[in-house]
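Per chain, numbering begins at 1; letters A, B, ... match sequence-line order.
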Amino acid sequence: MTNDIKGLKDSDVALIIGSDTSEAHPVISARIKQAIIEGRTKLIVIDPKEIKMADYAEIYACQRPGTDVAVINGMMHLILKNGWEDKEFIKERVEPETFEALKSEVEKFTPEYVEKISGIPAAQLIDIAELFGKAKVAGLYYAMGITQHTTGVDNVRSTANLQMLCGNMGVSGGGVNPLRGQSNVQGACDLGGLPVVYTGYQKVGVDAVQEKMEKFWNAKLNNKPGYPMTVAFDKAFDGEMKAFYIMGENPMISDPDLHHAEAALNNLDFLVVEDIFMTETAKLADVVLPATTYAEKTGTFTNTERRVQILNEALCGPGESKHDWEIHQMLANKMGLNWNYKCAEEIFNEIAAVTPSYAGMSYARLGNQGLHWPCPTEDHPGTPVLHVGKFAKGLGTMFAVPFKDPAEMPDEEYPTYLTTGRILQHFHTGTMSRKSEGLNRLAGPHVMISVEDAERIGVGNSEDVKVTTRRGTITTKAFVTKRIPNGTAYVPFHFWEAPANILTNNALDPIAKIPEYKVCACKLEKA
Amino acid sequence: MQITINGKSLEAKKGQNVLQVAIANGIYIPHLCYHEKVGAAGKCRACVVEIEGMRGLQTSCSVPVREDMVVETKADTVLQAQRLVVDLMLSSGKHDCLSCEQSGHCELQDAAYYLGIERPTCQYGDINREVDETSEFIKIDRNKCISCGRCVAACNNTVVNQVLDFGYRGHDTEIVFNTDKKMAESTCVQCGECSQICPVGAIIDKHAIGLGRLWELDKVETVCPYCGVGCKLNLHIDRKSNKIVKVSGVEGSPTNDGMLCVKGRYGFDFVGHEDRLTTPLIKEDGQFREASWEEAIELVASKFTSIRDEYGADTIMALASAKVTNEENYTFQKLIRTGIGTNNIDHCARL
């Protein structure tokens, strides 16, 4: 998030697009709902499902899956046509040539044209653009509904375009706010768990960075950026990749096209999995290393608003399980390195020493409130809102983003859109939440289908449905609801009994290499 | 501004009420409906005090402070009135502390203790309200409910799930879910905010029943392991069994202000689950066998080294984790980059 959670209440208008907020980020949804009932904020929801947040919305619009670029371009078309853009912000903070390019791109996205692509009625798009465009401060909130597309980067750029156009950057309650889905997904990125960057997004392959890191670690480093995971799976499938070391992840549930993922992992010479349970992925491993859970360790997580917070060890891990960092240290020393960390805090201090955005942090300073990065010096208060007064890069860049269809569209054989996501009661691959009998009783595997589709294939609520795509088939219970439009089906991906990712398409965004989990074509049949 | 409570001059801010100033200065006034999160309701009348120049007793939660206000919380008339209120509450419910989960952090018990009430002076004979144990994680015992309204306010205004409300009238007033449905059949999402804010034992975390009084448990503040919001939570730990008994949200936390979701509050079974991995495992002939750390580390290090030497470091891929700490992601990528010599490291940020 460019902004912080507390500042949510300063949004005059909030736009939720591609986030089932009350299911996936319940506490943030509570904060947004508070602002709504207190009369501070008006909500716009744009989502293919009529999510619970739509009940609190001034306007709810249902777009066809994968048409976000067209919808946002359409909003910008109307905002520009009516002069609702923030002219001063654009003049002072945006590269003029990129603004011109955007302007000419959105020219053709008339409400009628957008209606043809997205299914959102022209009149409704006009209402949305007016409410959003006229707002003093509007915040934009999204999750994987924006990113998990072959046009994921295009979608994100569109959200940034819109927020710059309306001057909503650098103000409390505004911003581009991706709601991050895992407890430390932000931190894993910040700490160099990516193939192209070291900690704090210092780029691999840049001479000055290579030199700095080699000196700091006293090691010779590879200057070639690595492969993203999605590409590495393809390379494992082809036999080019020989070994995987997987820590605390379960790609055998979370990867797209699971048959392909399994074949890839089985094709490796050596697979190590470090985890807390014998996960679906660990079962395929040659060596499994037992690690500890959040309750058993001290350390830090960085949340969706970039706030670094301390975890305190409450319990001892079972048996001979060890903290992940202890395992890494044993391996490092066995491989000839000389590590000697005694506790997590010592590691954190090393992180601060090499990571400019964490440089001013220490456990003592984090205390029980935490600090937002960037926090470059020991007297810096942290940065709840990014881009105040100036973008880090200087002038903001807008992108002219043309609309592209998803990689796989419904056709005669597979006539229904399939989209996937989360539900409130479970989390990600279920490694943690599925161990709770209570949570399992509250929610199990299902496919959400429309009343029309249910009638067409002749199934009632809780009856078995066969969902088939070009990649595979699952059989699961029907959840028949008016909250999903005719011609769209939704499967939560947490359940090994009916894994949504048997069905999903592993077509990737060309830049971010993110798979298109949110759109593919399926066929529904009575099982 | 300055106000005087019990003869002591105290700093107060405009907009505060008398009760808030008292709480901030460690002066106890019984209060059962007021909670800083849901504000003043002025319902329970337990917080009455004497204020100079104002007629009768005043509910301290609903009177805003004024410059030079003089407040008395311990006058006989005040204590007598508070005693009557608390006595009647005790009389109109089944407040049996002996086996009540809430004993020890029950605000009604605290008030009775402060006022020296050993037993209620009268007892309704006809109380037999419904106990609702239908829901997965929360038990509702309306016999212990004092109708303070905190849960109703929290459900509607804090977490804004809008499930709880008061139903029926007068003597029959009770909290209801939707249109008086059973909790399990209602639209309740089991976030547990009501259980956290209930001052008595009427709304209880079901799975913690009988597992220990709160004062017997250690409290450790940490961060929720589920989504990316980063809710702060307290783990209530039984040291004898090395187990989490209960989880509560940290009030005043800038991320969640005490709120949690059903997973963060109740979905912690995995930590103490019997299927946890407890020893390194090595696969031989398709079967896992237990191994020592020494053996497992030796095998992993030698395999990585030989694959690197034979095929090159870039044929090894590492997946970091969005569920482990910053420190552990740091040591992981440092190991992969300096020990193996590749930048092939990624995690499931995209998945």
When A/Gly193, A/Ala219, A/Gly187 are compared by non-hydrogen pairs under 4.5 Å with chain B, the top option | A/Gly193

For side chain to side chain donor-acceptor pair (under 3.5 Å), just list the numbers for A/Tyr56 and B/Gln162, CA-CA rounded to whole Å, side-chain angles, deciding distance to a tenth of an Å, and then say yes or no.
-> CA-CA 11 Å; A/Tyr56 296 84; B/Gln162 300 177 317; 2.8 Å; yes

Part of B/Cys348 within contact of chain A (heavy atom distance under 4.5 Å) = both

Sub-4.5 Å side-chain heavy-atom contact between A/Met278 and B/Leu281 | yes

Name the option with the most non-hydrogen atom pairs under 4.5 Å to chain A; the candidates are B/Asn161, B/Thr255, B/Val220.
-> B/Thr255

Between the main-chain N or O of B/Gly267 and the side-chain N or O of A/Ser436, is there a donor-acceptor pair closer than 3.5 Å?
-> no

Flag the pair A/Leu439 / B/Phe137 as yes when at least one side-chain heavy-atom distance between them is below 4.5 Å, and no otherwise.
-> yes

Sort B/Val189 into side chain, backbone, both or neither according to what part of it lies under 4.5 angstrom from a heavy atom of chain A.
-> both

Look up atom OG1 in B/Thr222 and atom CG in A/Asn368, then write down how far apart they are to the nearest 0.5 Å.
-> 12.0 Å

Taking A/Asn222 as the fixed residue, which of B/Thr338, B/Asn344, B/Asp314 is the one that meets the side-chain contact (heavy atoms from CB on, under 4.5 Å) rule?
-> B/Asp314

Note, A/Glu437 side chain near B/His207 side chain (heavy atom, < 4.5 Å) | no

Which answer fits B/Ile237, side chain, backbone, both or neither, if we ask what part of it has an atom under 4.5 Å from a heavy atom of chain A?
-> side chain

If you round to the nearest 0.5 Å, how far is CG of A/Leu331 from CD1 of B/Ile336?
-> 8.5 Å

Residue pair A/Asp286 / B/Ile282, side-chain heavy-atom distance below 4.5 Å = no

Ionic contact status for A/Glu350 with B/Lys334, cut-off 4.0 Å | yes

So which part of A/Ala291 gets closer than 4.5 Å to some heavy atom of chain B, the side chain, the backbone, both or neither?
-> backbone

May I ask you to name which of B/Asp269, B/Thr315, B/Asp257, B/Ile340 has the most heavy-atom pairs under 4.5 Å with chain A?
-> B/Thr315

Is it the backbone or the side chain of A/Pro515 that comes under 4.5 Å from a heavy atom of chain B, or both, or neither?
-> side chain

For B/Thr305 and A/Met335, work out which heavy atoms get closest and say how close.
-> OG1-CE, 3.9 Å

Between A/Leu194, A/Asp275, A/Thr304, which residue shows the highest count of heavy-atom pairs closer than 4.5 Å to chain B?
-> A/Leu194

Against chain B, label A/Ser254 side chain, backbone, both or neither, depending on which of its atoms sit under 4.5 Å from a heavy atom there.
-> both

Segment of B/Thr158 engaging chain A (4.5 angstrom heavy-atom cut-off) = both

A/Phe427 ring centre to B/Lys263 NZ or CZ under 6.0 Å, with the angle to the axis within 45°?
-> no

Relative to chain B, which segment of A/Glu346 carries a heavy atom at a distance below 4.5 Å: side chain, backbone, both, or neither?
-> neither

pair A/Met432-B/Phe268: side-chain heavy atoms closer than 4.5 Å | no

For A/Asp190, is it the side chain, the backbone, both or neither that has a heavy atom under 4.5 Å from a heavy atom of chain B?
-> neither

Under 6.0 Å between the ring centres of B/Phe332 and A/Tyr245?
-> yes

Separation of B/Tyr330 OH from A/Leu191 CG (nearest 0.5 Å) = 8.5 Å

Give the member of B/Lys243, B/Glu193, B/Glu221 that has the highest number of heavy-atom pairs under 4.5 Å with chain A.
-> B/Glu221

Against chain A, label B/Ile345 side chain, backbone, both or neither, depending on which of its atoms sit under 4.5 Å from a heavy atom there.
-> both

Please flag which part of B/Ile297 lies under 4.5 Å from any non-hydrogen atom of chain A: side chain, backbone, both or neither.
-> both

Electrostatic pair A/Lys297-B/Glu328, nearest N-O below 4.0 angstrom = yes

Nearest-0.5 Å distance that lies between atom CG in A/Leu442 and atom CD in B/Glu136 | 5.0 Å

Heavy-atom side-chain proximity of A/Asn184 to B/Asn329 below 4.5 angstrom | yes

Hey, does B/Gln190 have a side-chain heavy atom less than 4.5 Å from the side chain of A/Gln425?
-> no

Criterion side chain to side chain donor-acceptor pair (under 3.5 Å) on A/Thr300 and B/Glu327, from CA distance to verdict = CA-CA 7 Å; A/Thr300 54; B/Glu327 290 76 358; 3.1 Å; yes

Check ion pair A/Lys435-B/Asp275 (N to O, under 4.0 angstrom) | no

Sorted by chain and number, sequence neighbours left out, salt bridge (Lys or Arg N to Asp or Glu O under 4.0 Å) with B/Glu294 holds for A/Lys334

CG of B/Asn157 to CD1 of A/Ile37: how many Å apart, nearest 0.5 Å?
-> 4.5 Å

Which atoms of A/Val273 come close to chain B, meaning under 4.5 Å heavy atom to heavy atom: side chain ones, backbone ones, both, or neither?
-> neither

Selection from A/Glu345, A/His25, A/Arg31 maximising heavy-atom pairs under 4.5 Å formed with chain B | A/Arg31

Applying salt bridge (Lys or Arg N to Asp or Glu O under 4.0 Å), name anything that partners B/Arg150, two or more places apart in sequence or on another chain.
-> B/Glu107

So OG of B/Ser321 and CD of A/Glu274: to nearest 0.5 Å the spacing works out to 9.0 Å

Hey, does A/Cys189 have a side-chain heavy atom less than 4.5 Å from the side chain of B/His347?
-> yes

Under 4.0 Å between a Lys/Arg side-chain N and an Asp/Glu carboxylate O for A/Glu296 and B/Arg276?
-> yes

Part of A/His323 lying under 4.5 Å from any heavy atom of chain B = both

